[in-house]
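One structure below.
Just so we're clear, the structure is a prediction, and the values are computed from it rather than from any experiment.
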Amino acid sequence: MRTKTKTTLLWTLALPVLAGLGLAPPAAAQNPAEVKVGLLVPLSGLYARPGAVMRMGAEMAIEHINAQGGIKALGGAKLKMVLLDSGDTTEKAKNAAQRMVAQETDLVAASGAYLSSFTLAVTEVTERAQLPVLTLSYSDLITDRGFKYVFQTSATAASQAEQCLPEVMKVAENATGKKPKTVAIITDNTGASVASVKPMRERLLKEHGLQLVVDETFTPPLSDATPLVQKVRATRPDLLFFLPTVISDGKLILEKMNEFGLGQARIPTISFGIAIAEPDMLKTMAPELLQGVMTCVGSWGSKGHEPLMAELKTKYGEPWMTQNGISTYADMWVIAAALEKSGKADKEAVAQALRTLDLGPSKYYPGGLIKFDEKGRRVNAGLTIVQWQDGIPKTVFPLDLALAQPVWSKK
């Protein structure tokens with residue numbers, strides 16, 4: 001008590017002296033009441049639906065983090081989300097990123113921007129601003145540019161193709177007793193789709209003894225899927241890989257396949273990404289048209305995530321948890337962990353913490369670690385294979401996350 005009184009007395013005597021010199025007294029060290037985290041996702045236009053689900057995931061995570069005491073290293077500071085609309089074009093996404101770094105200068109990190117093409121444009125801006133960004137986007141280019149402030153939580157598109165194709169071949173061989181020999185590819189020209197099919201065309205199909213009999217690329221949105229599906233009907237491949245990133249495109253192709261007698265599992269159909277497994281598919285399509293369709297995705301609500309999926313359903317009415325929800329949920333926890341490690345509400349400190357983070361096995365992303373390599377890629381990131389069964393997309397791979405056994409489509 002005597003020491004405190006003495007210190008107070010000294011400051012009382014010193015203050016007039018500092019004021020006379022035109023100097024302010026030193027501020028007491030204080031932690032911020034809140035820490036701002038950005039979420040830049042499409043909330044309007046063609047991709048508004050996935051952006052809305054990403055917002056749900058981020059909101060849930062921030063609620064959970066704050067309810068558990070906030071950022072303890074910052075005296076319990078609460079996370080606050082700053083939401084920005086990336087729109088539906090790369091130009092709009094880049095403009096939104098420019099607004100974000102110009103107007104929200106106290107952001108410590110951000111998550112975004114759904115489509116790989118958007119993320120590539122957005123991170124050109126955030127890299128210059130030295131703002132760390134976590135992304136679920138797949139394109140290998142995102143982390144092939146030597147950037148230091150981008151952290152890719154999904155396996156890259158090339159890695160997913162490497163991981164997905166062998167598992168699909170195993171399922172086919174187990175179900176039919178023979179390996180598929182021919183394959184068709186129908187893909188849109190967005191960044192992730194292009195990156196996914198590139199290694200298949202260049203190497204993977206040959207390595208697995210598959211002959212490419214149809215190879216078609218389209219620009220979304222499709223107005224008519226007839227010419228594409230006619231080529232599939234003419235060749236009747238053992239496998240069809242189709243990669244739409246717009247729900248309406250997936251719907252058109254599957255409906256046309258059914259019209260031509262190829263749907264409902266007559267041609268085994270495998271997609272990449274979440275568009276084909278979105279709940280919105282059921283708003284315009286009968287569940288039987290989706291039966292048996294598989295998709296390889298970077299993440300998905302799976303075994304062990306049941307309480308989270310139940311909360312999402314209760315809170316927002318979402319029937320299941322897509323990658324958009326669970327990956328963005330996880331992103332907020334990773335940013336919180338980086339804040340705990342850095343002990344500073346500062347973007348450079350958070351970026352450095354992300355580069356050196358090592359939290360062991362991943363809980364919300366499939367496989368691998370919560371750790372980033374020198375490119376900013378999550379170490380040993382795995383994937384999830386989901387299959388439509390009885391009107392619900394169920395996780396069938398990996399086994400430790402699976403909620404159902406895979407069912408192979410038959411011609």
Problem set entry | Lys/Arg N to Asp/Glu carboxylate O, Glu173 vs Lys170, below 4.0 Å | no
For this session: Could you tell me whether the side chains of Thr217 and Asn189 share a donor-acceptor contact shorter than 3.5 Å?
Result: no
Exercise. Between the side chains of Arg236 and Thr182, does any donor sit under 3.5 Å from an acceptor?
Worked result: no
For this session: First locate atom CD1 of Ile274, then atom OG of Ser327, and finally report the distance between them rounded to the nearest 0.5 Å.
Result: 9.0 Å
Exercise. Is there a side-chain contact between Met200 and Phe241 (heavy atoms, below 4.5 Å)?
Worked result: yes
Problem set entry | Trace of the side chain to side chain donor-acceptor pair (under 3.5 Å) decision for Arg233 with Gln230 | CA-CA 5 Å; Arg233 182 172 64 173; Gln230 280 178 331; over 6 Å; no
Exercise. Taking atom CG of Asp331 and atom CG of Leu134, what is their separation to the nearest 0.5 Å?
Worked result: 4.5 Å
Problem set entry | Thr135 versus Gln152, side-chain donor and acceptor atoms under 3.5 Å | no
Exercise. Around Lys181, counting heavy atoms of other residues, nucleotides and ligands shown, do more than 12 lie under 6.0 Å from its NZ?
Worked result: no
For this session: Would you kindly say whether Tyr149 and Glu348 are connected by a side-chain donor-acceptor distance under 3.5 Å?
Result: yes
Exercise. Rounded to the nearest 0.5 Å, how far does CZ of Phe242 lie from OG1 of Thr187?
Worked result: 10.5 Å
Seminar exercise, completed: Here the gap from Thr395 atom OG1 to Trp300 atom CH2, rounded to the nearest 0.5 Å, amounts to 7.5 Å
Problem set entry | Among Thr119, Leu120, Thr126, the one residue meeting side-chain contact (heavy atoms from CB on, under 4.5 Å) with Val122 | Thr126
For this session: Salt-bridge test for Arg201 and Asp215: reply yes if a basic N is under 4.0 Å from a carboxylate O, no otherwise.
Result: yes
Problem set entry | Phe118/Tyr47 aromatic ring centres below 6.0 Å | yes
For this session: Determine yes or no for a side-chain-to-main-chain donor-acceptor pair under 3.5 angstrom, with Thr105 supplying the side chain and Val101 the backbone.
Result: no
Problem set entry | No-hydrogen, no-angle side-chain donor-acceptor test under 3.5 Å, His64 and Glu311 | yes
Problem set entry | Under-4.0 Å salt bridge between Glu318 and Arg49 | yes
Exercise. Going from CG on Asp85 to CZ on Arg55, what distance comes out if it is rounded to the nearest 0.5 angstrom?
Worked result: 10.5 Å
Exercise. Could you give the distance from CG (Leu115) to CG (Leu46), rounded to the nearest 0.5 Å?
Worked result: 9.0 Å
Can you give me every donor-acceptor pair (side chain of residues 67-83, partner residue at least two apart or in another chain, under 3.5 Å) with its distance?
{"from": "Lys72", "atom 1": "NZ", "to": "Gln68", "atom 2": "O", "distance (Å)": "2.9"}
{"from": "Lys78", "atom 1": "NZ", "to": "Asn66", "atom 2": "O", "distance (Å)": "3.2"}

Exercise. Is the closest basic N to carboxylate O distance between Arg377 and Asp144 below 4.0 Å?
Worked result: yes
Exercise. If you draw a 6.0 Å radius around NZ in Lys341, do more than 12 non-hydrogen atoms from other residues or ligands fall strictly inside?
Worked result: yes
Exercise. Between Glu63 and Lys315, does at least one N-O distance fall below 4.0 Å, as a salt bridge requires?
Worked result: yes
Problem set entry | Student check: side-chain heavy atoms of Leu205 and Leu165 closer than 4.5 Å | yes
Problem set entry | Whether Tyr329 and Tyr364 hold their rings parallel, tilted or perpendicular, with breakpoints at 30° and 60° | perpendicular
Exercise. Are Glu124 and Lys94 close enough for a salt bridge, meaning some N to O gap below 4.0 Å?
Worked result: no
For this session: For Lys148 and Glu127, run salt bridge (charged side-chain N to carboxylate O under 4.0 Å, His left out): C-alpha distance rounded to whole Å, both residues' side-chain angles, the deciding distance at 0.1 Å, then the answer.
Result: CA-CA 7 Å; Lys148 303 299 182 187; Glu127 183 73 10; over 6 Å; no
For this session: Say whether, by atom type as modelled, one donor and one acceptor occur between the side chain of Gln352 and the main chain of Val350 under 3.5 angstrom.
Result: no
For this session: With the side chain counted from C-beta on, respond yes when Asn324 and Glu278 share a heavy-atom pair under 4.5 Å apart, and no when they do not.
Result: yes
For this session: Please examine the side chains of Val334 and Leu357, heavy atoms only from C-beta on, and report whether any two atoms are closer than 4.5 Å.
Result: yes
